[in-house]
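Naming convention: chains lettered A, B, ... in sequence-line order (proteins, then strands); numbering from 1 in each chain.
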Protein chains: 2
Amino acid sequence: MTVEARIRQEIEARIYSGEWKPGHRIPFEHELVAAYGCSRATVSKALSSLSNAGLIERRRKAGSFVAHPQVHSAVLEVPDLAQVIAARGGDYRWSLMNRRVETVVADFPSPALRIDGLHLESGAPFALEQRLISLGAVPGAADESFAAEAPGTWLLQHVPWTSARHRIRATEADRAEARMLDLRPRTACLELLRTTWRNGAPVTRVRQLFPGDRFDLIAEFKPDA
Amino acid sequence: MTVEARIRQEIEARIYSGEWKPGHRIPFEHELVAAYGCSRATVSKALSSLSNAGLIERRRKAGSFVAHPQVHSAVLEVPDLAQVIAARGGDYRWSLMNRRVETVVADFPSPALRIDGLHLESGAPFALEQRLISLGAVPGAADESFAAEAPGTWLLQHVPWTSARHRIRATEADRAEARMLDLRPRTACLELLRTTWRNGAPVTRVRQLFPGDRFDLIAEFKPDA
DNA sequence: CAGTGGTCTAGACCACGCA
DNA sequence: GCGTGGTCTAGACCACTGG
């Protein structure tokens with residue numbers, strides 16, 4: 001246990017226990033230096049870590065204070081479908097339904113590859129996927145058939161770093177979607193819309209449709225970081 | 001711009017641009033010290049920040065390497081319904097439907113307060129809420145009527161720090177739910193199940209049901225932290 | 001304007017893990 | 001072994017901001 005970790009944990013414990021309530025001023029850095037017999041840099045690292053985690057707020061001249069709780073964000077596990085299905089003990093497969101180049105796509109500065117397909121669990125439809133891949137941002141995609149490998153898997157391995165935005169909502173499968181997913185029409189489905197950028201330019205946009213009874217998303221909030 | 005921020009940004013830029021691909025070894029700390037003319041502590045802080053953000057991996061003896069991308073997590077904005085509705089220009093209200101003490105609740109070590117109610121947007125149903133509050137963890141809740149204030153709002157102000165787990169799925173409103181939400185039966189809804197703990201003990205468990213066409217969740221992934 | 005946190009330095013010792 | 005990152009020290013100067 002490092003000194004930094006000890007300082008952090010002992011402050012955490014006082015916050016979790018309620019001994020130090022939101023708004024409470026925690027000891028000044030120089031007081032912690034004296035209490036732990038360590039250097040100020042070590043205290044500062046511990047407090048920075050707590051601040052990053054959102055547990056405390058630091059204000060010049062005033063000191064550091066227990067933050068007011070805000071459970072307004074959580075880490076969402078965005079599923080890798082192959083792993084999800086393997087974890088359930090199922091057999092994952094990808095089935096390509098459509099592949100073509102679209103020359104004009106809204107919000108895309110260049111032509112895009114349009115890929116439609118189905119993720120299957122042990123032979124049964126699991127999720128419907130409709131995807132666009134910018135050929136400007138990912139020229140190599142033009143050479144891929146995506147017949148055997150799902151485009152998401154391929155992209156993870158061929159596009160360096162991206163940012164992404166997900167929109168999650170409930171919707172009803174229309175007639176065509178229900179047929180492909182082997183559902184009654186109007187069955188409740190989870191719709192995941194994800195757009196991915198790299199250096200501000202769109203890389204891919206995908207819509208995944210999951211039957212509501214076959215899949216759910218998990219998001220965790222932990223004040224540690 | 002601090003030295004630390006400059007180091008971090010210049011490394012980020014090389015990663016985002018693709019100049020340094022996943023697996024690439026970035027300069028050793030002592031090389032960065034020489035390149036930037038700063039101390040090793042400053043370089044180390046910059047690299048620690050990149051490591052926390054998941055952009056690089058640091059290995060003793062070997063060096064630091066560009067990490068392989070994993071868009072497998074994103075930050076989910078968990079909505080404060082009052083704010084969501086205010087941001088849309090609507091008028092938020094909470095309507096209490098039921099409040100009673102349940103002596104035995106699964107997974108709760110003590111009796112719990114059961115609160116059912118409706119979140120309203122400009123008078124129209126927006127979300128159905130069914131909540132349990134542990135009276136062992138939050139004894140003060142017993143003195144609250146929750147007639148005027150939604151329990152989530154009250155809890156944020158009165159319970160110290162928590163961890164939380166959310167489950168998100170699509171489901172169909174049953175007859176009673178559809179009636180309360182003013183929907184046709186079997187309308188697709190987004191179901192948010194959240195359990196909150198403090199020191200390992202459950203504090204509250206809530207189920208919120210949103211008509212699919214009235215609400216969606218947003219989750220962002222940015223490699224920065 | 002005084003005291004806080006923010007940032008930085010030039011060292012040091014250690015533990016780990018590859019050769 | 002030996003070089004790397006992990007941690008720490010005992011200072012220092014600065015910028016901000018609350019009283």
Heavy-atom protein contacts under 4.0 Å, nucleotides 11-19 of chain C, coded B base, S sugar-phosphate only, - none: -B--BSBB-

Test item: side-chain donor near acceptor, Thr204(B) and Arg194(B), under 3.5 Å: no

Test item: Thr42(A) and Tyr36(A) side chains (from C-beta on) under 4.5 Å apart, heavy atoms: no

Nearest-0.5 Å distance that lies between atom CH2 in Trp154(B) and atom NE2 in His158(B): 5.5 Å

Donor on one side chain, acceptor on other, Arg167(A) and Thr195(A), under 3.5 Å: no

Touch class at under 4.0 angstrom, heavy-atom based, for Ser44(A) against every strand present: base

N or O in side chain of Arg58(B) less than 4.0 angstrom from dT4(D) OP1/OP2: no

Ring-face cation contact, Phe28(B) with Arg25(B), 6.0 Å cut, 45° max: yes

Gap between atoms NZ and P, on Lys45(B) and dT9(D) respectively (whole Å): 16 Å

Atom-to-atom span, CG of Leu50(A) to C1' of dG5(C) - whole angstrom: 15 Å

Out of dG5(C), dG6(D), dT9(C), whichever nucleotide has its closest atom nearest the side chain of Glu29(B): dG6(D)

Separation of atom CE in Met1(B) from atom C1' in dT7(C), rounded to whole Å: 15 Å

Considering all heavy atoms, the nearest Pro160(A)-Pro69(B) contact: O-CG, 3.0 Å

Nucleotide nearest Thr42(B) (side chain, heavy atoms from C-beta), chosen from dT9(D), dT9(C), dT7(D): dT9(C)

Spacing of Glu57(A) atom CD relative to dT17(D) atom C1', expressed in whole Å: 15 Å

Phe28(A) CZ to dG6(C) P, straight-line distance once rounded to whole Å: 13 Å

Phe65(A) CZ to dT17(D) P, straight-line distance once rounded to whole Å: 14 Å

Protein-nucleotide distance (Glu4(A), atom CD; dG6(D), atom P), rounded to Å: 12 Å

Gln70(B) atom CD, over 12 foreign heavy atoms within 6.0 Å: no

Side-chain N,O (His30(A)) to OP1/OP2 (dT4(C)) below 4.0 Å: yes

